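The block underneath contains the structure these notes are about, expressed in C-alpha cells.
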Amino acid sequence: MHTSKVLVHNRDRSEIESEENYLPLNVLRLSKRFGGIHALNEVTFNIEEKSIISLIGPNGAGKTTFINVVTGTYPPEAGMIYFQGQNITGLPAHKIASLGIGRTFQLQELFLSLTVLENAMVGCHTRGRAGMFAAGLRIHPAKADEKRLREEAMENLKMIGLEQRASDSISSLPLGERKLVGMARALGMRPKLLMLDEPVAGLAAHEIENLVRLIHSLIDRGLTLFIVEHNMPFVMSISERVIVLDEGFKIAEGPPDDVRANEKVIKAYLGE
Ligand code: ATP
C-alpha cells in the first residue's frame with residue numbers, strides 16, 4: 001500500500017474516524033514538495049456533499065498541485081486524504097478515479113484525432129475494463145457495451161449542449177467547447193466529486209453562462225464540485241465557500257464575501 005510512504009498521524013486518523021457522516025473529501029495537513037519548492041504546506045479543509053467549493057490563489061500558489069495530489073497524479077509528502085471516509089492517500093490515479101473523483105485539465109488532454117463523441121466516450125471506457133489507453137487506440141469493447149457507452153456519452157454531450165457536434169473532429173472546436181468536452185469525458189466516469197481546473201479560462205461570456213447552468217444541474221444530480229479558477233466574478237458568484245492558497249499555505253477560507261474582504265487575501269493578490 002502506498003500509504004506507507006506517507007506520514008500518518010494517529011490524531012488525524014481519529015479526527016476522521018470520529019466523523020459521523022463522512023464528507024466527500026477530508027484533507028488533513030497535506031504537503032507536497034518539488035525539490036526546494038513547497039507547493040503545498042500542511043493544507044487542511046473539508047468539502048461537504050453537493051457543495052460548490054472553489055480554490056483560488058496567485059500564480060504558483062499550489063492549486064493545480066492540490067488537484068494532482070488528491071487525484072493521485074503525485075503522491076503527497078505528508079498528510080491524509082479521505083474520500084467518503086476511505087483513506088485514499090497515495091493511491092494510484094486510476095483507483096482514485098474509479099472510487100468517484102473525476103477531474104478536468106487546464107490544458108485539455110483530449111485525443112485530437114478522435115471525434116467529439118469518441119472523446120466523450122473515453123471517460124465511459126475508462127470506467128470499464130478497457131481503460132483510456134485502449135479507448136485512445138480505438139480498441140472497442142463488445143457491441144452491446146459499445147452501444148451503451150455511446151448512448152451514455154451522447155447523454156453527457158447533451159448535458160453540455162454539444163450533441164450537435166458529436167461527429168465533428170475535436171480539433172475543429174474552439175477552446176471553450178473543447179473544455180466542455182473535457183467535462184463530458186470526466187462525467188463519463190460517473191464521478192461523485194468533480195474537480196475542475198480553470199474551467200472558465202478561454203470561455204466566451206455566453207459559454208460561462210452555460211457552464212454555470214451546467215454546474216448547478218450537476219449539483220442537482222447529487223455531484224459535489226471543486227473548482228480551481230482565476231476568474232473572480234465567476235468564483236464569487238458560484239461558490240458556497242472559497243479557499244485561498246498562497247505559496248502553498250491556506251491563508252483564508254469562508255463565504256465569498258468574507259474572503260473578498262480578507263486582508264491576507266488582498267495582500268497576496270496585490271503582491272502578485
Ligand atoms: P497557476 O495559477 O499559475 O496555474 P497554481 O496555483 O496551480 O498556479 P501549481 O501549478 O500547483 O500552482 O504550482 C505550485 C508550485 O509548484 C509552483 O512553484 C510550480 O512551479 C511548482 N510545480 C508544480 N508542478 C511541478 C512539477 N511537476 N515539478 C516541479 N515543480 C512543480
Side-chain angles (χ1 to χ4, degrees), residues 2 5-7 25 27-45 47 52-81 83 88-94 96-97 101-110 175-176 178-180 182-183 186 193-203 207-208 211 215 225-239 241-254 256 259-260 262 264-272:
H2 296 245
K5 289 186 195 152
V6 174
L7 293 181
L25 199 75
V27 173
L28 279 160
R29 292 191 269 280
L30 197 63
S31 295
K32 178 69 189 171
R33 249 185 312 167
F34 295 106
I37 297 168
H38 290 260
L40 295 174
N41 262 301
E42 303 212 345
V43 174
T44 295
F45 62 85
I47 298 179
I52 305 175
I53 308 294
S54 292
L55 181 66
I56 63 168
N59 288 318
K63 304 178 297 294
T64 297
T65 301
F66 180 82
I67 292 187
N68 284 334
V69 172
V70 169
T71 55
T73 304
Y74 304 129
E77 233 77 58
M80 304 289 289
I81 310 162
F83 178 57
I88 60 164
T89 321
L91 290 181
H94 68 88
I96 292 175
I101 303 185
R103 71 168 296 179
T104 62
F105 295 86
Q106 245 180 58
L107 299 169
Q108 285 305 321
E109 299 196 344
L110 298 170
L175 176 72
R178 286 190 203 186
K179 286 195 159 197
L180 291 174
M183 267 182 87
L193 168 64
L194 183 56
M195 306 183 97
L196 305 178
D197 199 354
E198 297 198 17
V200 169
L203 262 58
E207 290 172 325
I208 298 177
L211 179 70
I215 288 173
L225 269 290
F226 181 81
I227 304 170
V228 163
E229 184 50 62
H230 282 287
N231 182 319
M232 286 306 141
F234 170 81
V235 165
M236 295 301 172
S237 66
I238 202 164
S239 313
R241 195 153 46 86
V242 178
I243 295 155
V244 191
L245 285 186
D246 186 27
E247 296 183 354
F249 288 97
K250 185 179 88 173
I251 59 165
E253 175 176 2
V259 163
R260 213 192 320 244
N262 185 300
K264 278 189 195 166
V265 177
I266 294 166
K267 209 169 146 208
Y269 274 95
L270 286 178
E272 196 182 27

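The structure presented is a predicted model; accordingly, all values stated were derived computationally and were not measured. Whatever order the structure lists ligands and atoms in, that order sets their numbers, starting from 1.
- Selection from Y74, F66, F34 by nearest heavy atom to atom 23 (C) of ligand 1 gives F34.
- Taking both residues in full, the closest heavy atoms of N231 and F234 are given as OD1-N, 3.0 Å, listed atom of the first, atom of the second, then distance.
- I96 and L91 get closest at one heavy-atom pair: CD1-O, 3.4 Å.
- Ranking the protein heavy atoms by distance from atom 3 (O) of ligand 1 puts N59 OD1, 3.0 Å first.
- Judged by the shortest distance from any of its heavy atoms, E198 lies inside the 4.0 Å radius around the atoms of ligand 1.
- The two residues P58 and A268 come nearest to each other via the heavy atoms CG-O, 3.8 Å.
- Atoms of ligand 1 lying under 4.0 Å from any heavy atom of A61, numbered from 1 in the order shown and given with element: 5 (P), 6 (O), 12 (O).
- Residue contacts with ligand 1 for T64 involve both N, CA, C or O and side-chain atoms from C-beta outward (heavy atoms, distance under 4.0 Å).
- Atom 19 (C) of ligand 1 is not flagged as protein-proximal [any protein heavy atom, distance under 4.0 Å].
- Remark: K32 qualifies as a cation-pi partner of F34 under the 6.0 Å distance and 45° angle criteria applied to the six-membered ring.
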Candidate pair N41 and S31, rule side chain to side chain donor-acceptor pair (under 3.5 Å), full reasoning: CA-CA 5 Å; N41 262 301; S31 295; 5.1 Å; no

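- Nearest non-hydrogen protein atom to atom 4 (O) of ligand 1 is Q106 NE2, 3.4 Å.
- The shortest heavy-atom contact between L245 and A61 is O-CB, 3.4 Å.
- From the protein, the heavy atom lying nearest to atom 8 (O) of ligand 1 is G60 N, 2.9 Å.
- A side chain to side chain contact (heavy atoms under 4.5 Å, CB included) with L55 is found for exactly one of K63, K250, E229, M195, namely K63.
- In the candidate list G36, G62, A201, G248, G62 is nearest to atom 12 (O) of ligand 1, counting heavy atoms.
- Nearest protein neighbour of atom 9 (P) of ligand 1, counting heavy atoms only, is T65 OG1, 3.6 Å.
- In this comparison of H230, K63, E247, the heavy atom closest to atom 5 (P) of ligand 1 sits on K63.
- Outside the 6.0 Å centre-distance limit, the rings of F66 and Y74 are not counted as a close aromatic pair.
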